[in-house]
Every structure is written in C-alpha cells, then in structure tokens.
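These numbers come from a predicted model, not from an experiment.
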2 protein chains.
Amino acid sequence: MPKVVDKELMNQQIVFAALQAFVKHGFHNTSMSKIASEMGIAKGTLYLYFKSKDQLIEAITKQHFHNLKDRLVSQQNFNSVEALLSHIEGTLLISDEDSQFIPVFFEVFGPSFSSDKFINEYSNFFNEIAQFYTENLESLQTQGLIQQDLSPKYFGRVFVSMLDGIILHKGFFKINNTDYNLMVKEVIKLLRYGLN
Amino acid sequence: MPKVVDKELMNQQIVFAALQAFVKHGFHNTSMSKIASEMGIAKGTLYLYFKSKDQLIEAITKQHFHNLKDRLVSQQNFNSVEALLSHIEGTLLISDEDSQFIPVFFEVFGPSFSSDKFINEYSNFFNEIAQFYTENLESLQTQGLIQQDLSPKYFGRVFVSMLDGIILHKGFFKINNTDYNLMVKEVIKLLRYGLN
DNA sequence: TTTTATACTGACCACTCGGTCATTATAAAA
DNA sequence: TTTTATAATGACCGAGTGGTCAGTATAAAA
C-alpha cells in the first residue's frame, strides 16, 4: 500500500552530495538547506535520513576511514623490498578526491582533538597500520633482505607518521600532482637506499 | 587635548585574550561579544582594533608562525651529513610543552582549514622550511657528501612533510618519550643509510 | 574649569542556521 | 477508483552572530 523508496540509495546520494559541498565550501559554510537544494530535495527530507548535521559528517567520516584502511593495509605479505616499496608508492598516490577530504576533516574535528576518546580512536587506527608495516619489516629482516640494524617495531610506527605527514601535506596544501609525484619518487628512493 | 591610549598594547591584549578564548571554546564557538566581555570591554571596541573576526584570527596566526619559524630554521649551514642529521634530531625532539600545543593548535585553527587565506599562510611557512633543507642538501650534494641521485628540491619538500607528520603524531597521540625517542632514532638511521 | 578630539559603549539590525512539523504528494494495494 | 501507509515538503521558529553607530565618557590642552 505505502509509497516505497530505496533508502539505502538515498542515503548514499545524500552522503555524496554533502561531501562534495563540504569539500567545495567547507563544513561550516555549507548549510543543510544548501545540500538539499543542490540535490533538488527539501531540507526536511535530509532530516528523514540523518538526525542532524553532525550525524551526517560522522557517517561521511566513518566511510572515509573505512575505505582508507582497506587501501593502506594489503592482505598479502611482501617477499621483496621492491614489493613493499611498490605498495608504499601506491599508498602515497592517493586520489585528489580522498585528499580533498582532509581539510574538511580537520575543519570539523579540530575542536575534538582535546577529547581522549576521539584521540584513542584515531590512535588505534594508526597503530594498526603500523603493525602491518612492522610485521612485513620483520619478515623481510628475517630473510636478510633489509638492514639488520633497524627496529621493525619503532620503524613501523614512525614510518606511518611519515607517510601520514606526506598525505596530510598533499591534502592541506593542495600540492599539484606533478610536484607530488616527484616528491613520492624521492621518498621511494630514500627508502630503497635506506632499507638496504 | 584628546584622550590618548596605547593602541599597540591594546592590540596585544586583544590578541592574547582572543587566543585564550579560542583555545578554550574553539573559534566558531567564541563570539566577538564573548571575547569583549571576558576582557571587560565592549564589543564595539574590538572593532576599533580589528575590522573583522577574520582579521583577528589572521593576526594571531601570523604571530604564531613567526615564532615557530625561528625555532625550525637554523641560521648556519651544515658541512656534513652528521651535522644535518643532528639538527634534524634536534628538530624532532621537541619538548612536551610544545607538542602539547599541537592538539590545541588544531582545536583552535581547525575551523580555519577551509579558508584559502589560512592555508596559504600555512603553506608558505612549510615551503620556507623546505627551502632551508633544499639549500643544505644542494650544498652537501655538490660536495659529494650525499647521493647524487636525489632531487634536493623535491626531497626537501617531502622531507618537511615527513618531519611534520612525526611531530604531529607525537602531539596528537601523546606518544610517550621513551617510545618517541626510539622512533626518532630509526628516522635518523634511515636517513644516514639513505642519504649516503 | 572649559573645551575638544578621541576612545568607548552596547542596544540594535540584518541575517543565517539547524531543526521541526502540519500539510501534501505519492504509489502500492484493495 | 479508492484507500492508506509512507515519503516529501518548505514555511516557520528560536537562537545566535558579526557588525554598526548615535550617543557617552575620558583625558589632555587651553
């Protein structure tokens, strides 16, 4: 009897439109009305799918980090330094779409950085990535493929910080792709020489 | 005849009070009225010194980065890789006091990350630091002290991103000093092997 | 003490925003 | 075609903001 609608699809469409608007104008300069009107729907409809603007950005963020982790952690292990370097290069060459989200993230969640709960969540995220690198470094080290004189545990963690720094700078400063690719090449060179 | 006031002093007092308020409540949750009332002056008075809220945050930002740069860029040039590494180690080993300010910084300025003006200022800051490293790398390269096969220009810029990432992670995730020092050691090792 | 150039005030304005809800539109079922 | 359960609407509200400006206070000079 009732009118039926694909809620899941609508959900995704809202998330997509909102993200686009946030990237373009910033979170605080994007009103719910604006999102609605750009979608050609009424503001009230947004509130049928998301209780609040906060809940909307939360959903976007959750999705972003979910995708991110899949990209950062490879399922297979690496049996050579070059395989590892290749994965790292792939990790660094993030899409503009992804890097554009970075300023939005900091704009929205900057004020949360004093919350322990918030920090712990992201701390765990990066620790898991670090663990992935640590395990691969240990394996390569056992096989004698990289320097014995480095600590996989600490190198793994600091390495993640470094990668994050590079990605953050791309996002913050909108470094153009030509320059950025050359920068990535330098990192790979450094690692190739430094790990052996 | 006229009433005379130390405008410079008043300026500084406003900047100080505004920063404190931003730190405490976040930029967007701090109204101009709030700043004024906490200073015991009227809102209108603020507008005699700063044309807009944006101009106020701009002044605060400028001052912050000015102080920071003095700490990060050494005046003298390095005549050996070890001297460079030593400076880098010093840069990374920032005090807890300084690193504790990082979350605060993002808490305060997070909401500004959608402003092009803010980003440009921030971008220039890091470019200048990168330039400092680029020049030193060029010099060391000319002397044959480091790998010929790297580009000082791009390495300098990406290197700054990496250092920033390490420092940011210390600040965000409150990595304890024991672990952090070991992490720094790994970076230095990587550079020592990788640059030669 | 009076004058006067400047500094300070705070009520007020115009506007925006997130969020609500009574009303209307829709499409599946009867 | 009528019924009906659900979806969509958008005018409206209250709260809050950045910014203004006519009027008032102040302190140096006359």
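Neither OP1 nor OP2 of dC21(C) sits under 4.0 Å from any side-chain N or O of Tyr47(A). A sub-4.0 Å separation between OP1 or OP2 of dT16(C) and a side-chain N or O of Ser31(A) is absent. For dA28(D), neither phosphate oxygen OP1 nor OP2 lies less than 4.0 angstrom from any side-chain nitrogen or oxygen of Lys3(B). Under 4.0 angstrom from either OP1 or OP2 of dG10(C) there lies no side-chain N or O belonging to Lys43(B). Look at Lys7(B) and you'll find a side-chain N or O under 4.0 angstrom from OP1 or OP2 of dA7(C).
A donor-acceptor pair shorter than 3.5 Å can be found between the side chains of Gln143(A) and Ser139(A). A donor atom on one side chain and an acceptor atom on the other are found under 3.5 Å apart for Tyr193(A) and Asp149(B).
Within 4.0 Å (heavy atoms only), Lys34(B) reaches no atom of the nucleic acid at all. If you check every strand for non-hydrogen atoms under 4.0 Å, Phe50(A) touches nothing. Residue-level contact check: Ser37(B) touches neither bases nor backbone, having no heavy atom under 4.0 Å from any strand. Note on Ser52(A): only backbone sugar-phosphate atoms sit closer than 4.0 angstrom, heavy atoms only; bases stay farther off.
Between Thr45(A) and Asn29(A), the residue whose closest nucleotide on DNA chain C is further toward the 5' end is Asn29(A).
At a threshold of 4.0 Å, the pair Lys174(B)-Asp96(B) does not count as salt-bridged, since none of the basic side-chain nitrogens sits closer than that to a carboxylate oxygen.
Counting atom types as modelled, Lys51(B) pairs no side-chain N or O with a base atom of dG19(D) as donor and acceptor under 3.5 Å.
dA27(C) is paired with dT4(D) under the Watson-Crick or G-U wobble criterion, all donor-acceptor distances under 3.5 Å.
In this structure, Leu46(A) places its CG atom 11 Å from P of dA8(D), rounding to the nearest Å.
Checking dC8(C), dG18(C), dG19(D) against every side-chain atom of Met32(A), the shortest atom distance belongs to dG18(C).
A cation-pi geometry, defined here as NZ or CZ lying under 6.0 Å from the six-membered ring centre and within 45° of its normal, does not hold between Lys185(A) and Tyr180(A).
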